[in-house]
Amino acid sequence: MSTDNTTLETQEDMSGAAMVLRALEDQGVEVIFGYPGGAVLPIYDEIFKNNRIRHILVRHEQAAVHAAEGYARSTGKVGVVLVTSGPGATNAVTGLTDALMDSIPVVCLTGQVPTHLIGNDAFQEADTTGITRPCTKHNYLVKNVNDMSRTLHEAFYVAANGRPGPVVVDLPKDILFAKGTYGKPDGKLHKSYRPQVQGDTVKIEEALRLLAGAKKPIIYGGGGIINSGPKASELLTKFVRMSGYPCTLTLMGLGAVPASDPHFLGMLGMHGTYEANLAMYNADVMLCVGARFDDRVTGKLTEFSPNSKKIHIDIDPSSINKNVRVDVPLVGDVTAVLEEIVGRWEREKISPDGKALAAWWKQIDNWKSRDSLKFGPSIQTIKPQHAIKRLYELTRERDTYITTEVGQHQMWAAQHFHFEQPNRWMTSGGLGTMGYGLPAAMGVQIAHPGALVIDIAGEASIMMNIQEMSTLAQYNLPVKVFILNNQWMGMVRQWQELLHGGRYSESYSEALPDFVKLAEAFQAVGLRAERPDQLDDVIKEMLAVDRPVIADICVDQKENCFPMIPSGAAHYEMLLGPEDHAAQPTSEEGMVLV
Amino acid sequence: MEAIERHTIAVLVDNEPGVLARVIGLFSGRGYNIESLTVSEVDSVHGLSRITVVTSGTPMIIQQIKAQLDRLVPVHKVADLTAEGAHVERELALIKVCNTGEERIEALRIADTFRARVLDSTLSSFTFELTGTAGKLDAFIKLMAALGEVEVSRTGVVAIARGSDVSMPMLRDKADGL
């Protein structure tokens, strides 16, 4: 590849804007999500002439990033965004931060004022690289057209390799017009960014020894498994099955091990199952795979799994020993490390302590028998959990992808919708961005035109990016918006009830629109269920329609999300239901936590 | 609680726009301390700069700081000089002291003891250049402050490991004959 002849063949003179399109093609990009404006007009002119890259016109730049995230999470490819300078870039900031927190590979191209105007407070100028520095994995400002192709190829490399994340490339307008030389991706090693992929053999040895000797093991998997690719989920499932060890997953990791697998204990953490949290607390060996000991997972740090030896697989060394000290750090890609662990476990015919494991499972089954996800019957009103359960049961034969907004409905979806495969569950875990679900669902539907894509939403969250209904109409994307409408910002109301003496400050959803009419206004189908006996019919009708749908499910207004570990409490201090609360008031330290 | 340790960390980075902002933003964004920070290009052929940062924190925080620095895209290498063994640290200060009479003579006498050089003088002031450890500079400045009005400019700490090991070599470029 490096002979002079080939180099000449791979180089070509063209404008900066033409290079952008060429680089996207060379990176295998098929779709970009964007919104035009003055500074990016040269790129839009190239898009007009190009028929290989599809542009999806969103209605707000934040939605463009979330759509790219949905596209990326459901395909494993890099999502691409194109926005203009100034407000285009600042509107994208929430999406970029979301992608950073959840490690989603996104390349965001932002327009910029011409180089001679940078720093002049020009029209629609913002210091985009300055503003996005803390909310991207990396960013670039291209000041010379001859740096354009190299920078764009590098942006894709950085976004997708190591711990994935968002990368911004800021493109001044004069550079887009300037002519220069385009170079294809050359496959050369990056000069400084080369994440460690293979795990250290000595550490793997140590991990195997700990795992083989475990009496009360727990496997705790997270979003890193999903990011590593479907092979990682296969390997983890294989390991869980051949070892017989119990496994729990974080919000971001759902689907990495099939929910129907008997070894799966459900999600852990603040709204995780009783058995998952107590197994974490009582374990003697923990294998953490691509998760980051987030505060929603650990609860009170000093009482987090206090007696376990911890093995932590992560591609990002800064995730290791950040919150929780681990005994065996294993820096590397989840797939590569699991391959080694599974392979050696098989070759060396390691067999765990069967007697201890049986006793451990007996204890876990005992915790499981508390049925921590139980909820009351839907007699007068539809219980939100019941609505999710029916949605799951009525869609399980379909090729289904779920996105969510943020709040109670998100936790109920995580608890009561079950995922058998990775890449089927798109939710804003780290940043907790209300308004994520609808645009993310758009991105998923673009990537999987024939699939069933449902945004499980709350009536408050959906209002945050409701304008994207218009995008669904334009591209005829049959996304289903399933609103659990309790007329409250439910999670806010729940915390006010539990922590602030029931003073419901500003958490009532006042003056809501009529969602059925709203759907119709956006050329979608509007449906409503108000009584339990209407629920199934509404879900069935929603599924039967090959058009965008808003299903307004009017649910019990007072239902709270349980089980719950109050903030600042330990795993064993879990509240299983409303009756549990009175006995244990939240500590003062807990009150100040989010 | 774990003890707070002071560490001197050297970071080799691409000398590109925004790289210093990225490092400083990392410290402020994550609430780490910066006691001193110096930066200058050390290899103009390959465009590499070396940042020396003196920071403090628990061993877990120090480990985090190094891991967080190391994952920045333009960072080539991070070396914890405090953890890696013996190293030398130096800082340079320019100290202007304004005084007359006996105090002026005393200032010059002390400067001589500290081996400070006179860079500039008027009938009512001296400007000294002093190199040494941060502690030596502190001591000198304290003495000068007792002898008149003082203005100080300090570079912050630069450091390098003792011994013959070269952990961040200047890249040799044959074409340059370097």
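Protein chains get the first letters and strands the later ones, always in sequence-line order, with residue 1 at the start of each.
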Practice problem: Identify which of Thr129(A), Asn139(A), Leu141(A) forms the greatest number of heavy-atom pairs closer than 4.5 Å to chain B. | Solution: Asn139(A)
Quiz prompt | Heavy atoms from other residues, nucleotides or ligands near CD of Glu149(B) exceed 12 (cutoff 6.0 Å) | solution = no
Quiz item: So which part of Val73(B) gets closer than 4.5 Å to some heavy atom of chain A, the side chain, the backbone, both or neither?
Solution: both
Quiz item: When rounded to the nearest 0.5 angstrom, what is the spacing between CD1 in Ile24(B) and CZ in Arg133(A)?
Solution: 10.0 Å
Quiz item: When only pairs under 4.5 Å are counted, which of Lys322(A), Arg163(A), Lys137(A) shares the most heavy-atom pairs with chain B?
Solution: Lys322(A)
Exercise. Step through the shown structure and confirm whether more than 12 heavy atoms of other residues, nucleotides or ligands are within 6.0 Å of NZ on Lys66(B).
Key: yes
Quiz item: If you measure from OH on Tyr140(A) to CD on Glu16(B), what distance do you get to the nearest 0.5 Å?
Solution: 7.5 Å
Exercise. For side-chain contact (heavy atoms from CB on, under 4.5 Å), just list the numbers for His138(A) and Leu72(B), CA-CA rounded to whole Å, side-chain angles, deciding distance to a tenth of an Å, and then say yes or no.
Key: CA-CA 8 Å; His138(A) 197 54; Leu72(B) 295 178; over 6 Å; no
Practice problem: Could you pull out the closest heavy-atom pair between Ala67(B) and Ser318(A), with the gap in Å? | Solution: CB-CA, 3.5 Å
Practice problem: Looking only at non-hydrogen atoms, find the nearest pair between Lys191(A) and Asp14(B) and report the distance. | Solution: CE-OD2, 3.0 Å
Self-check item: Most chain A-contacting option - heavy-atom pairs closer than 4.5 Å, from Ala21(B), Gly25(B), Gly29(B)
Solution: Ala21(B)
Quiz item: Within a radius of less than 6.0 Å around CD1 of Ile160(B), do more than 12 heavy atoms belonging to other residues, nucleotides or ligands occur?
Solution: no
Practice problem: Could you check which of Ser319(A), Gly130(A), Ser192(A) has the highest count of heavy-atom pairs closer than 4.5 Å to chain B? | Solution: Ser192(A)
Self-check item: Proximal component of Asn161(A), with respect to chain B [non-hydrogen, under 4.5 Å]
Solution: neither
Quiz item: Quick one: CG on Asn321(A) to CE on Met60(B), what's the gap to the nearest 0.5 Å?
Solution: 5.5 Å
Exercise. Give, as side chain, backbone, both or neither, the part of Asp70(B) having an atom under 4.5 angstrom from any heavy atom of chain A.
Key: neither
Quiz item: So with a 6.0 Å cut-off around CG of Asp121(A), is the heavy-atom count from everything else above 12?
Solution: no
Exercise. Mark yes when over 12 heavy atoms from residues, nucleotides or ligands other than Lys143(A) sit less than 6.0 Å from its NZ; otherwise mark no.
Key: no
Quiz item: Considering only heavy atoms, which portion of Gln63(B) lies under 4.5 Å from any heavy atom of chain A: side chain, backbone, both, or neither?
Solution: side chain
